[in-house]
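Start at 1 and go down the list; that is how both ligands and their atoms are numbered.
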Amino acid sequence: MAENPELTRREFGRAALALGASAMLPGWMRAQELDAQPPSVSFSGPNSLRFHAAARGLLYGAAVNPALLDVDGVAAGGTNDIYALLVKEQAGIVVPENAMKWEGLRPAPSIFDFTQADRFMRSAALAGQKVRGHNLCWHEALPSWFKSTVNQANARTHLTRHIRTVAGHYRGQIHSWDVVNEAIDPEDGRPDGLRKTPWLELIGPDYLDLAFHTAAEADPHARLTYNDYGIELDSPDQTRKREAVLELLQGFKSRGVPIHAVGVQSHIQADGPQPGVGLKSFIREAGKMHLEVYVTEMDVNTHSLTGGPEAQDAAVAEVYRDYLTLVLAEPNVPIVLTWGITDANSWLNEMNEPWAKRKDGAKQRPLPFDENLKPAPAFFALRAAFDSAPPRRKRRG
Ligand code: G3I
């Protein structure tokens with residue numbers, strides 16, 4: 001029996017309104033159903049994170065799972081359409097969580113499969129969003145054939161061909177690439193602090209310079225970024241790692257390596273010590289090197305928090321407020337992305353590790369929208385942090 005299009009459209013309209021995505025509705029539906037909502041409740045259009053960030057010349061965005069995006073026209077019904085609306089409404093910049101990693105692009109040594117990544121790019125283009133590429137060189141998310149195929153004789157060729165092909169495929173469409181991801185780990189004992197990755201073992205320490213130069217040749221329009229985690233706190237180990245990252249950046253600049261930004265992933269624990277003077281100093285040192293600093297993957301880990309959902313949400317919101325107040329006070333921090341936008345699709349709720357699983361078995365609540373795609377206290381904390389940030393040059397929404 002033919003579906004009742006009126007009913008379907010109305011269902012979708014109600015779902016979109018519930019989401020606060022009224023700006024996405026066709027005029028006739030908005031006229032009938034739109035009710036004025038105060039900013040304390042509404043979160044779409046002028047009340048969205050995208051809008052509030054842009055009003056201060058900032059970009060807010062999120063990691064996105066392209067499989068959840070319906071880019072073939074926004075069909076009615078289904079939570080994926082609401083997820084797509086949420087991403088479109090809230091993010092001015094997006095990054096594919098996994099689709100542009102080696103594992104997501106390279107089913108075989110001689111094959112590049114851009115299907116998912118192109119779907120993601122089409123969705124971002126439809127939404128007028130900027131795109132971060134993530135990532136061109138990492139020791140994780142390597143395809144199953146990597147270990148048996150790549151060796152010291154051919155590693156340089158594999159790395160440069162991958163970067164040339166992928167960055168070339170999206171030439172002119174990428175705001176910034178995470179060219180090398182997580183290459184520093186002082187625990188590995190090297191004087192230069194480099195992590196002992198397959199790339200280091202197969203090519204040597206100059207694999208990083210090679211990656212950045214190759215990316216610059218393949219896409220001179222993209223801002224080239226070094227991205228890392230565990231450099232936010234003033235603890236001894238994070239201070240040591242942060243210093244090693246600074247030395248890496250200074251080395252890049254001294255050798256004329258094309259780099260424009262450093263990504264601070266910002267995976268923060270809800271309880272325990274919070275970032276402070278060390279991070280502020282790091283951001284300023286990067287600024288002296290004419291580097292921008294991007295908050296690339298923020299979320300707030302609540303695995304060890306006691307108390308119920310409300311207590312967790314309040315703690316998470318406080319971390320977002322304090323962290324973003326600290327970093328956005330610095331003029332060379334123009335971008336904030338969260339690693340996901342809803343608790344329903346957070347990597348933290350897919351991990352079975354003790355540092356991710358809550359003892360009470362409840363799901364983590366790390367992101368601006370809860371698992372029912374409703375704005376959490378973190379949403380309002382993010383928005384308030386954008387509102388109180390010193391204004392940068394204005395951006396379009
Ligand atoms: O797609 C396959 C699926 O076909 C298969 O059935 C399933 C079970 O094996 O695996 C699926 O792939 C998984 C992929 O996520 C998509 O869900 C991979 O195994 C899994 O390793 C991968 O995890 C991602 C992880 O990076 C490693 O790439 C997480 O989603 C992603 O959130 C996480 O993101 C990283 C950043 O890239 C770098 N910074 C840290 C951050 C968190 O670890």
Side-chain angles (χ1 to χ4, degrees), residues 61-69 80 83 87 91 93-108 111 113-117 119-120 131-147 162 166 174 176-185 187 195 197-199 208 211 224-233 238 241-242 245 261-270 293-303 335-357 363-369 371:
V64 170
N65 177 352
L68 297 175
L69 292 175
N80 290 358
Y83 173 85
V87 168
I93 186 168
V94 284
V95 59
E97 186 169 6
N98 295 300
M100 287 187 185
K101 295 172 180 173
W102 277 63
E103 191 176 46
L105 294 171
R106 306 294 306 280
I111 299 177
D113 179 355
F114 290 105
T115 308
Q116 276 299 321
R119 176 186 171 92
F120 166 84
V131 172
R132 299 209 72 239
H134 173 83
N135 55 61
L136 295 171
C137 178
W138 190 24
H139 59 282
E140 291 192 26
L142 292 170
S144 53
W145 53 262
F146 186 90
K147 209 162 186 167
H162 180 85
V166 176
I174 299 289
S176 50
W177 268 109
D178 285 336
V179 176
V180 177
N181 194 48
E182 305 175 8
I184 292 289
D185 182 0
E187 300 292 311
R195 183 190 296 268
T197 71
W199 296 113
L208 292 109
L224 304 182
T225 307
Y226 172 76
N227 189 46
D228 217 328
Y229 70 94
I231 55 176
E232 300 86 2
L233 302 184
Q238 293 212 10
K241 182 170 183 177
R242 191 167 48 241
V245 170
V262 52
V264 180
Q265 292 183 12
S266 309
H267 295 292
I268 305 297
Q269 297 295 324
V293 177
Y294 302 154
V295 174
T296 47
E297 307 184 10
M298 187 162 185
D299 49 27
V300 182
N301 188 319
T302 61
H303 86 279
I335 295 176
V336 173
L337 293 104
T338 49
W339 201 244
I341 195 163
T342 127
D343 299 343
N345 305 107
S346 167
W347 69 292
L348 290 171
N349 286 323
E350 287 152 20
M351 306 299 289
N352 288 319
E353 314 291 337
W355 48 262
K357 294 297 280 181
K363 284 203 167 180
Q364 287 229 32
R365 310 169 70 87
L367 291 167
F369 286 82
E371 60 181 350

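Ring centroids of H267 and W355 are separated by 6.0 Å or more, keeping the two rings apart. Checked against the 6.0 Å centroid threshold, Y294 and W177 do not count as a close aromatic pair.
Under a 4.0 Å criterion applied to the non-hydrogen atoms of N181, ligand 1 contributes the atoms 38 (C). Of all atoms in ligand 1, numbered sequentially from 1 with element shown, those under 4.0 Å from a heavy atom of Q265 are 39 (N), 40 (C). Near E297, meaning under 4.0 Å from one of its heavy atoms, ligand 1 places the atoms 36 (C), 38 (C), 39 (N), 40 (C), 41 (C). Interface atoms of ligand 1 facing A141, defined by a heavy-atom separation under 4.0 Å, are 28 (O). Near E182, meaning under 4.0 Å from any of its heavy atoms, are these atoms of ligand 1: 38 (C), 39 (N), 40 (C).
When all heavy atoms are compared, the tightest approach of A211 to V180 is CB-CG2, 3.8 Å. Of all heavy-atom pairs between V262 and V245, the closest is CG2-CG1, 4.5 Å.
There is a protein heavy atom closer than 4.0 angstrom to atom 37 (O) of ligand 1. For atom 5 (C) of ligand 1, the protein comes within 4.0 Å by no heavy atom at all. Distance check on atom 43 (O) of ligand 1: some protein heavy atom falls below the 4.0 Å cut-off. Not a single protein heavy atom sits closer than 4.0 Å to atom 1 (O) of ligand 1. Within the 4.0 Å cut-off (strictly below), a protein heavy atom is located near atom 40 (C) of ligand 1. There is a protein heavy atom closer than 4.0 angstrom to atom 26 (O) of ligand 1. Contact annotation for atom 21 (O) of ligand 1: protein absent (non-hydrogen atoms, distance under 4.0 Å). Note that atom 16 (C) of ligand 1 has protein non-hydrogen atoms nearby, at separations under 4.0 angstrom.
Closest to atom 18 (C) of ligand 1 among all protein heavy atoms lies E103 OE1, 4.2 Å.
For atom 34 (O) of ligand 1, the candidate residues are W347, W339, W138; the nearest heavy-atom contact is made by W339. Scanning T296, N98, D178 for the heavy atom closest to atom 24 (C) of ligand 1 points to N98.
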side-chain contact (heavy atoms from CB on, under 4.5 Å), that's the test. Do I174 and V131 meet it? Break it down for me. CA-CA 5 Å; I174 299 289; V131 172; 3.8 Å; yes
Hey, mind stepping through W138 and F146 against ring pair (Phe, Tyr, Trp, His ring centres under 6.0 Å) and telling me if it holds? CA-CA 12 Å; W138 190 24; F146 186 90; over 10 Å; no
Working note: W102 + H162, criterion ring pair (Phe, Tyr, Trp, His ring centres under 6.0 Å); need CA distance, chi angles, decisive distance, verdict. CA-CA 8 Å; W102 277 63; H162 180 85; 3.9 Å; yes
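Partner N227 forms a side-chain hydrogen bond (donor to acceptor under 3.5 Å, both in side chains) with one of E297, R132, E182 and no other, that one being E297.
Here's the thing with E140: none of its N/O atoms is less than 3.5 angstrom from an N/O atom of ligand 1. Inclusion of K101 in the set of residues having an N or O under 3.5 Å from an N or O of ligand 1 is warranted.
Comment: D228 does not engage R242 in a salt bridge, judged by the lack of any side-chain N to carboxylate O separation of less than 4.0 angstrom.
Side-chain N/O atoms of T296 and Q265 include no donor and acceptor closer than 3.5 Å.
At a heavy-atom distance under 4.0 Å, no atom of Y229 approaches ligand 1.
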